[in-house]
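Right, one structure below, let's go through it.
Both backbone and side-chain heavy atoms feed into the values below; hydrogens, waters and symmetry mates do not.
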Amino acid sequence: MTFQEQIQQGIPTTLPNPKPYELAINHAPKRKEILSADEKKLALRNALRYFDAKHHATLIQEFAQELETYGRIYMYRFRPDYEMKARPISEYPGKCEQARAIMLMIQNNLDYAVAQHPHELITYGGNGAVFSNWAQYLLTMQYLSEMTDEQTLAMYSGHPMGLFPSHKEAPRVVVTNGMVIPNYSKPDDWEKMNALGVSQYGQMTAGSYMYIGPQGIVHGTTITVLNGFRKIKKSPTGGLFVTSGLGGMSGAQPKAGNIAGCITVCAEVNAKITHIRHSQGWINEVFDNIDKLVARVTLAKANKEVVSLAYLGNVVDVWERFDQENIHIDLGSDQTSLHNPWAGGYYPVGISFEEANEMMANNPELFKEKIQETLRRHTTAINKHTAKGTYFFDYGNAFLLEASRAGADIMAENHIDFRYPSYVQDIMGPMCFDYGFGPFRWVCASGKPEDLAKTDAIACSVLEEMMQNSPVEIQQQMQDNITWIKGAQENKLVVGSQARILYADAEGRIKIAEAFNKAIAKGEIGTVVLGRDHHDVSGTDSPYRETSNIYDGSRFTADMAIQNVIGDSFRGATWVSIHNGGGVGWGEVINGGFGMVLDGSKEASKRLESMLFWDVNNGISRRSWARNDNAIFAIKRAMETQPLLKITIPNIVEDGLLDF
């Protein structure tokens, strides 16, 4: 069968042969046993409903074995034989250009070079899933190949509920992930529902089909590191940035450190992912001996090198040893998946990776104790460095939150706030999000590198023209992005699809998208898919990350994210998504995203202007109402350019009036 025929058949009527478990692939760890005997039977019933009854007797033993061995039913037998990658859009079967673009994006999320655990359909973060099993993938791709532009596919936590009658201006796909009743958002609730096959953790851009590999966070990390050094009033040259995590999004850190121009030390316990990042060129050198690492860092500091060093081991050992050796750390953070601490997101010190995985599955209570002991040690070591002048920030991975829950010395003197800021509080919030700058993305659906180069040039030209008339308040943001896009080709950021990211405000996003659409209409480039990270101005309500610089008491509300996805859906998005969890954990955040296909048409031009304006200014208005000065400036500026925009502006109370 051809690739197109395999897509169109969906779940095969004849069972494919069982697939071997490929040891060379980076696999998800075994999930802990959490289902009762009756619940295991329910999980099997749920899995078998995808298949004709004549196959149940064959599949039930196999699925039961998967559940016992891995803690989940992945349906490995149904993993496709074709290579998983983003093909040129013309190679996908279908009746609808928008649907073909979505198929491209789904396959990009599962590309072996992109996905963290591709055979388990997990893109990043340890549990950020595109689907829960391979039947869902096959059925979804079949539906998309059949879809017309007057249908909408409803996706329930990885499950394609079906195609529904719709209309041309409606989203082609509406995605929800993990949207459980609020009182059932504890970690064990997710473990149970995921094992049952009824809900999944979509992370942010994993379950919304908009992940573009580590590049997606390289830009934001570069800006964070640059602004971190600006905050401590020091040049990145010769400066040392220490962090951890090389899987999924965290793998962007060493690359970003190189672009920012500092020395980066990034620890990772998983040898397989460490060597993948090294082979991809995201890490310059790898060390598994801490004595050699100390010597190499000392030399790099003396020579003021720009270099990224991976330590194959636990980051706690790095923090403790650097303290003993009195190696000064300028910037410190952590980007392990602490939203998922009990299932492989963070590993205990003093135990091998293999031993830890065995303990995680077979003795979860002891594993939890070891994790919390490690968090306390980790925090103690960080505190010693910050006492010497290190600037430490939480990188939005729930490090501060989980350290506090572990009883670490992480609280401020008021015993309410954390001792250290979130990077959004100190850097991204006031410097970027409040002004409307966030991670705007695009993918060249032709798959041609020359199309990406042309879009880079178009975006750069638009930004340079805009900067000539930009107010002084956003000149730095504009220049950072012009510098970034000019170096994008040289930095070899593409992994998977021909994609790019830069930080832009609503005006920039609209002008760049319009320029793309005109170039498509002229035949200069092929179809372009627009999107963004959920980690943006408007898409996410996350009290310990995206909205951590909201101080009016509304940090724990999620109106903004919900309003955002609803507004995007009727203003022209090709697909929309809304998730519980992502980045900082199940039950800790509500986040949403979108995708938009540009085809060169007048309709696409109308949609992009309407939707992109809302997608950004919804968040600025909320930040303005929270009395954030920069957001008040930004929303007033937006009202000057758009006469139909009228936002409620807060009245500021003098502090003295409150002293009575």
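When each of M611, R172, M105, E97 is paired with T574, the side-chain contact (heavy atoms from CB on, under 4.5 Å) condition holds for R172 and for no other.
Y435 and N630 share a side-chain donor-acceptor pair at under 3.5 Å. One side chain, D456 or Q489, offers a donor N or O that lies under 3.5 Å from an acceptor on the other. Checked by atom type, the side-chain pair E514/S605 shows a donor-acceptor distance below 3.5 Å. With 3.5 Å as the limit, one finds no donor-acceptor pair spanning the side chains of H534 and Q203. Side-chain contact of N580 with N177: a donor-acceptor pair under 3.5 Å is absent, judged by distance alone. The closest side-chain donor-acceptor pair between T123 and Q116, if any, does not fall under 3.5 angstrom. Side-chain contact, W442 with T455: a donor N or O sits under 3.5 Å from an acceptor N or O. For the residue pair N481 and H219, a side-chain donor N or O sits within less than 3.5 Å of a side-chain acceptor on the partner. Checking H339 against E588 by side-chain atom types alone, no donor-acceptor pair falls below 3.5 Å.
Closest heavy-atom contact between N183 and D189: O-OD2, 4.1 Å. Between D552 and A626, the shortest heavy-atom contact is OD2-CA, 3.6 Å. The two atoms that bring I73 and A43 nearest to each other are CD1-O, 3.8 Å, heavy atoms only. Nearest approach of N517 to S601, heavy atoms of both residues: ND2-O, 2.9 Å. The heavy-atom pair separating I632 from P650 by the smallest distance is CD1-CG, 3.9 Å. Contact detail for S577 and H579: the closest heavy-atom pair is CB-NE2, 3.7 Å.
With sequence neighbours excluded, no residue satisfies side chain to side chain donor-acceptor pair (under 3.5 Å) with N617. In terms of the ring-ring contact (aromatic ring centres under 6.0 Å, His included) criterion, residue partners of Y74 (sequence neighbours excluded) are, by chain and number, Y76. With sequence neighbours excluded, the residues satisfying salt bridge (charged side-chain N to carboxylate O under 4.0 Å, His left out) with E169 are R607. For R72, the side chain to side chain donor-acceptor pair (under 3.5 Å) test picks out E191, N194, with sequence neighbours left out.
Judged by the 6.0 Å distance and 45° axis criteria, R571 is positioned over the aromatic ring of W614. Relative to the ring axis of F594, R532 does not place its NZ or CZ within 45° and under 6.0 Å from the centre.
When the shell of 6.0 Å around NZ of K518 is examined, it contains 12 or fewer heavy atoms from other residues, nucleotides or ligands. Atom CD of Q477 is surrounded by more than 12 heavy atoms from other residues, nucleotides or ligands within 6.0 Å. Within a 6.0 Å sphere centred on CD of E465, heavy atoms belonging to other residues, nucleotides or ligands number 12 at most. Within 6.0 Å of the OH atom in Y156, the count of heavy atoms belonging to other residues, nucleotides or ligands does not exceed 12. Other residues, nucleotides and ligands contribute at most 12 non-hydrogen atoms within 6.0 Å of the OH atom of Y184.
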List, one per line, each side-chain donor-acceptor pair under 3.5 Å for residues 129-143, sequence neighbours excluded.
{"residue": "S132", "atom": "OG", "partner": "Q200", "partner atom": "OE1", "Å": "3.2"}
{"residue": "N133", "atom": "OD1", "partner": "A135", "partner atom": "N", "Å": "3.1"}
{"residue": "N133", "atom": "OD1", "partner": "Q136", "partner atom": "N", "Å": "2.9"}
{"residue": "W134", "atom": "NE1", "partner": "H119", "partner atom": "O", "Å": "3.0"}
{"residue": "Q136", "atom": "OE1", "partner": "S132", "partner atom": "N", "Å": "2.8"}
{"residue": "Q136", "atom": "NE2", "partner": "Y50", "partner atom": "OH", "Å": "3.1"}
{"residue": "Y137", "atom": "OH", "partner": "Y82", "partner atom": "OH", "Å": "2.8"}
{"residue": "Y137", "atom": "OH", "partner": "Q107", "partner atom": "NE2", "Å": "3.0"}
{"residue": "T140", "atom": "OG1", "partner": "Q136", "partner atom": "O", "Å": "2.7"}
{"residue": "Q142", "atom": "NE2", "partner": "Q8", "partner atom": "O", "Å": "3.1"}
{"residue": "Q142", "atom": "NE2", "partner": "Q9", "partner atom": "O", "Å": "3.3"}

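For residues 631-646, the set of pairs meeting the side-chain hydrogen bond (donor to acceptor under 3.5 Å, both in side chains) definition, not counting sequence neighbours, comprises E507-R637.
Look at R509 and D536 and you find a salt bridge, because one of the NZ, NE, NH1 or NH2 atoms lies within 4.0 Å of a carboxylate O, short of that distance. D559 has no carboxylate O lying under 4.0 Å from a charged side-chain N of R622, or vice versa, which leaves the two without a salt bridge. Checked for salt-bridge contact, R441 and D533 meet the test: a charged N lies under 4.0 Å from a carboxylate O. At a threshold of 4.0 Å, the pair K448-E450 does not count as salt-bridged, since none of the basic side-chain nitrogens sits closer than that to a carboxylate oxygen.
Between Y209 and W575, the angle of the ring planes lies from 30° to 60°, which puts this pair in the tilted group.
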